[in-house]
Amino acid sequence: MDDSTARTDVSPVLTDMPRYEGPATTAPSHTQARQPFKLPKVNVALFLLTLLTTTMAGADMAGADVTLTDPHSLANLAAGLSFSIPLMLILGSHEMGHYIFSRRYGVNATPPYFIPLPFPSFSLIGTLGAFILMKSPPRTRRAMFDIGAAGPWFGMVIALPAVIIGLKLSQVTPLDNSQGGLQLGNSMLFWGISRVMLGVDPNSVNVNLHPIAFAGWLGLFVTTLNLLPVGQLDGGHVMYALFGGRWHRVISRVALLACLLMVLIPFVLRMDFWGGWLFWFVLLLFLGLGHPSTVDADTPLTGSRRWAAWATIVLFIVTFSQVPFSFEAPSQRPKGQIYNAILHRTAVERGVAHRLVLGG
């Protein structure tokens, strides 16, 4: 069955990973004409705005004050490029993975839309990410897997070098947890890379985290969120392609319950937790747990694609952190192996200085 043949009567639904609604129906036996590549002005404008807001965020982290109303301060934007460029490359690569494979299978999809956030705002990084719109669904489970998994893997191609290079550029100092601050959670993959790149016991030192490393850490975090095995997230597409619709429904409900329990259980036990999982519980309920059937819903993944699907599940496991963000009060020693991004402001510099603390 031709992967590139897809029905065209489905309304576009906006999400991080392109979604669509309605059951699949038998499509005419012809190949949908591939749409010529066009780069709408709105996509370019949103990209440039997001580049600006993330660069302002990076400059603020470096202690460089940038105010759009003060032309003289715009020169300080250069201080934020070491954060914004790798972050934009990671987000763009993720969405381009979806887009390239959508076009490969004849699925009508838009170029990426970036989401800028005014800086300063509730976001420290100046963006809410990016998304594409998919206006027709993939025809087979094989095409569904390729489109869904391409985003996380394309993003990792940039995120991993960013972590490696950024840690190499980071400064190792003696262990000192007295300042407290915002802590970045520790995934297995990030801990392992840190152990190799630093050349020292990560539990015995502080690391002044370079902006490139922080952008790479965010790339791993984005990968984790997208690979949650729920509904029509990237991970949901992988589950559907690998196990079929029946097991996808079961896995989605278990994962949704896990998001809730990762808040409730630590709260009851007075342990650290990330309240963002409660937000994702509500968001996933709103988006829905179901997954529309492909036209060919019976042909399973085989051969190398089946192995690639299991590798994608492993990718989710090694990038996952139960508490990606937490706050440690000053003069308190962090418990466990936790990465601290110390956000502090002094009388001399009003910017945000990030310090990665590997403490035991």
Heavy-atom distance under 4.5 Å between the side chains of [X] and [Y], does that happen here?
X: Thr55; Y: Val66; value: no
X: Tyr99; Y: Pro111; value: yes
X: Ser293; Y: Arg141; value: no
X: Pro116; Y: Leu46; value: yes
X: Trp280; Y: Leu225; value: yes
X: Val323; Y: Met271; value: no
X: Phe114; Y: Glu95; value: no
X: Pro137; Y: Thr294; value: no

- Message: Under a plain distance cut-off of 3.5 Å, with no hydrogens placed, do Thr319 and Thr224 share a side-chain donor-acceptor pair?
- Response: yes
- Message: With a sphere of 6.0 Å drawn around CG of Asp298, does it hold more than 12 non-hydrogen atoms of other residues, nucleotides or ligands?
- Response: no
- Message: Quick check: Phe320 with Trp277 (ring centres under 6.0 Å apart)?
- Response: yes
- Task: Decide if the gap between the ring center of Trp217 and the ring center of Phe325 is smaller than 6.0 angstrom.
- Result: yes
- Message: With side-chain contact (heavy atoms from CB on, under 4.5 Å) as the criterion, how do Asp272 and Gln322 come out once you've worked through the C-alpha distance, each side chain's angles and the decisive distance to 0.1 Å?
- Response: CA-CA 9 Å; Asp272 288 339; Gln322 182 178 341; over 6 Å; no
I'd like to know if [Y] and [X] are part of one continuous hydrophobic network [Ile/Leu/Val/Met/Phe/Trp/Tyr, side-chain heavy atoms within less than 4.5 Å].
X: Leu91; Y: Val157; result: no
X: Ile165; Y: Met156; result: no
X: Trp153; Y: Leu227; result: yes
X: Leu257; Y: Phe316; result: no
X: Leu269; Y: Leu260; result: no

Under the 3.5 angstrom rule, does the side chain of [X] hit a backbone N or O of [Y] as a donor-acceptor pair?
X: Ser82; Y: Ile212; result: no
X: Asp296; Y: Thr140; result: no
X: Thr54; Y: Gly126; result: no
X: Thr127; Y: Ile115; result: yes
X: Ser93; Y: Ile90; result: no
X: His237; Y: Phe145; result: no
X: Tyr105; Y: Arg142; result: no
X: Ser73; Y: Thr67; result: yes
X: Arg195; Y: Val200; result: yes
X: Asn43; Y: Pro112; result: yes

Taking all non-hydrogen atoms of both residues into account, name the closest pair between [X] and [Y] and its distance.
X: Ile164; Y: Ile193; result: CG1-CG2, 3.9 Å
X: Thr312; Y: Ala149; result: OG1-CB, 4.1 Å
X: Ala255; Y: Val230; result: CB-CG2, 3.4 Å
X: Ile147; Y: His98; result: O-ND1, 2.7 Å
X: Gly97; Y: Ala150; result: O-CB, 3.4 Å
X: Ala297; Y: Tyr240; result: CB-OH, 3.7 Å

Using 0.5 Å steps for rounding, measure from the [atom1] atom of [X] to the [atom2] atom of [Y].
X: Leu278; Y: Met262; atom1: CG; atom2: CE; answer: 11.0 Å
X: Leu189; Y: Ser194; atom1: CG; atom2: OG; answer: 9.0 Å
X: Met188; Y: Ile317; atom1: CE; atom2: CD1; answer: 6.5 Å
X: Leu228; Y: Leu284; atom1: CG; atom2: CG; answer: 6.5 Å
X: Leu218; Y: Thr223; atom1: CG; atom2: OG1; answer: 10.5 Å
X: Leu77; Y: Leu68; atom1: CG; atom2: CG; answer: 7.5 Å

- Query: Between His248 and His291, what is the ring plane arrangement, given parallel below 30°, perpendicular above 60°, and tilted in between?
  - Reply: perpendicular
- What is the ring orientation for Phe273 with Phe267, classed by angle as parallel under 30°, tilted 30 to 60°, or perpendicular over 60°? perpendicular
- Task: Apply side-chain contact (heavy atoms from CB on, under 4.5 Å) to the pair Tyr113 and Leu133, showing each step before the final yes or no.
- Result: CA-CA 9 Å; Tyr113 291 89; Leu133 290 173; 4.2 Å; yes
- Any chance you could lay out the side-chain contact (heavy atoms from CB on, under 4.5 Å) test for Phe243 and Val250, step after step, and finish with the verdict? CA-CA 10 Å; Phe243 299 114; Val250 173; over 6 Å; no
- Query: Where do Arg249 and Leu289 land on the side-chain contact (heavy atoms from CB on, under 4.5 Å) test, with the steps shown first?
  - Reply: CA-CA 7 Å; Arg249 290 189 292 272; Leu289 304 183; over 6 Å; no
